[in-house]
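All ligand and atom numbering here is 1-based and tracks the order in the structure.
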Amino acid sequence: MSASTPVIRIQNLWTQFGQSVVHQDVSLEVGQGEILSLVGGSGSGKTTLLRQMLGLERPTRGSVEVFGENIHRINGVRLQRLRNRWGMLFQQGALFSALTAFDNVAQPMRELRTLPEDLIRDAALLKLDMVGIRPVDALKMPADLSGGMVKRVALARALALEPELLFLDEPTAGLDPDRSDNFVALIRTLHQAMRLTVVMVTHDLDTLFALSTRIAVLADRHVIASGTPEEVIRVQHPFIEHFFLGGRGRRALEVLNQAS
Ligand SMILES: Nc1ncnc2c1ncn2[C@@H]1O[C@H](COP(=O)(O)OP(=O)(O)OP(=O)(O)O)[C@@H](O)[C@H]1O
Ligand SMILES: [Mg+2]
């Protein structure tokens, strides 16, 4: 993979479930170091597109390359090696319910079978500390944690293998404003320190404007706009007007303008 190869390249992708066409000829690239936010109405196919990037779901047509490899054409060791280069935070948190928070974060490191347990312990506690989970909570089972804590543990797990690429599906949904701000600061730090590439789905306009280097908008089965936040909000489309320029959007934009 050369320096100019995009981290992700989606070409002419179609997705159909029964009679319903979710994506129609979608093409999208994500370059190294970008924080790309995917926005779109509920059911517009954001999570499905993420799952296709992870190789968890196969598009009806078209290709998805990650780190230069066609994700739907590889398997076994090659696919596993690629998986170790990214982290994923699912929309529903998705922790192993039978494992403590600590063991959930340690699990991807244990699966590598190359790291000694004391190093795994230190790394897992460090990741949990980064997301604001104290050691006393690390020993709890997921069922005994709050929704926001489950989300933060899931983020710690996504970061366990120090990924080059991070997928986030609604990372701040269900977090209180302070936690959301902490989350934004954490992603920004990781992005700067490790040149992390991020693909994120979010409805949260504060998070969206605080982090995105680029926004892609899914509507009418297409990517109807892709560009910087300033470019995208100027595109005339009913979804964009409703999403960005309703009351919520105006307030977030004011904050953006004050910051720049
Ligand atoms: N495995 C599947 N089988 C059938 N239909 C599916 C499947 N997965 C997704 N869909 C449908 O595809 C559409 C897109 O779903 P998706 O979960 O990608 O939406 P989304 O943009 O993530 O929505 P939200 O913002 O509500 O999370 C929906 O209509 C959904 O019902
Ligand atoms: Mg979704």
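Each of Leu38, Ile233, Thr202, Val232 was checked for a side chain to side chain contact (heavy atoms under 4.5 Å, CB included) with Ile215, and the lone residue meeting it is Val232.
For atom 31 (O) of ligand 1, the protein comes within 4.0 Å by no heavy atom at all.
One side chain, Thr15 or Gln52, offers a donor N or O that lies under 3.5 Å from an acceptor on the other.
Contact annotation for Thr48 and ligand 1: heavy atoms of both the backbone and the side chain come within less than 4.0 Å of the ligand. Heavy atoms of His203 found under 4.0 angstrom from ligand 1 belong exclusively to the side chain.
Side-chain atoms of Ser37 and Arg214, non-hydrogen and from C-beta on, never get closer than 4.5 Å to each other.
At the top of the distance list for atom 17 (O) of ligand 1, counting protein heavy atoms only, stands Thr47 CB, 3.7 Å. Regarding atom 13 (C) of ligand 1, its nearest protein heavy-atom neighbour is Gly43 O, 3.6 Å. Among all non-hydrogen protein atoms, the one lying nearest atom 3 (N) of ligand 1 is Phe17 CD2, 3.4 Å.
Heavy-atom neighbours of Arg110 CZ from other residues, nucleotides or ligands within 6.0 Å: above the threshold of 12. The local environment of CD in Glu117 is crowded, with over 12 non-hydrogen atoms from other residues, nucleotides or ligands closer than 6.0 Å.
Between Lys140 and Asp137, at least one side-chain nitrogen of the basic residue sits less than 4.0 Å from a carboxylate oxygen of the acidic one, meeting the salt-bridge criterion. Ion pairing of Glu162 with Lys127 is present here, as a side-chain N (NZ or NE/NH1/NH2) and a carboxylate O approach within less than 4.0 Å.
At least one N, O or S atom of Thr47, from either the backbone or the side chain, sits less than 2.8 Å from the Mg ion (ligand 2). The Mg ion (ligand 2) lies under 2.8 Å from an N, O or S atom belonging to Gln91.
Atoms of ligand 1 lying under 4.0 Å from any heavy atom of Gly41, numbered from 1 in the order shown and given with element: 21 (O). The ligand atoms of ligand 1 that sit less than 4.0 angstrom from a heavy atom of Gln91 are 27 (O).
By heavy-atom distance, the residue among Gln16, Lys46, Glu57, His23 lying nearest atom 21 (O) of ligand 1 is Lys46. In this comparison of Ser44, Ala173, Ser42, the heavy atom closest to atom 24 (P) of ligand 1 sits on Ser42.
Under the 6.0 Å distance and 45° angle rule, Arg152 does not count as a cation-pi partner of Phe183.
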TODO: Could you go through the side chain to side chain contact (heavy atoms under 4.5 Å, CB included) check for Val150 and Val153 one step at a time?
DONE: CA-CA 5 Å; Val150 167; Val153 173; 5.8 Å; no
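Residue-ligand proximity: Gly45 is placed with a non-hydrogen atom under 4.0 Å from ligand 1.
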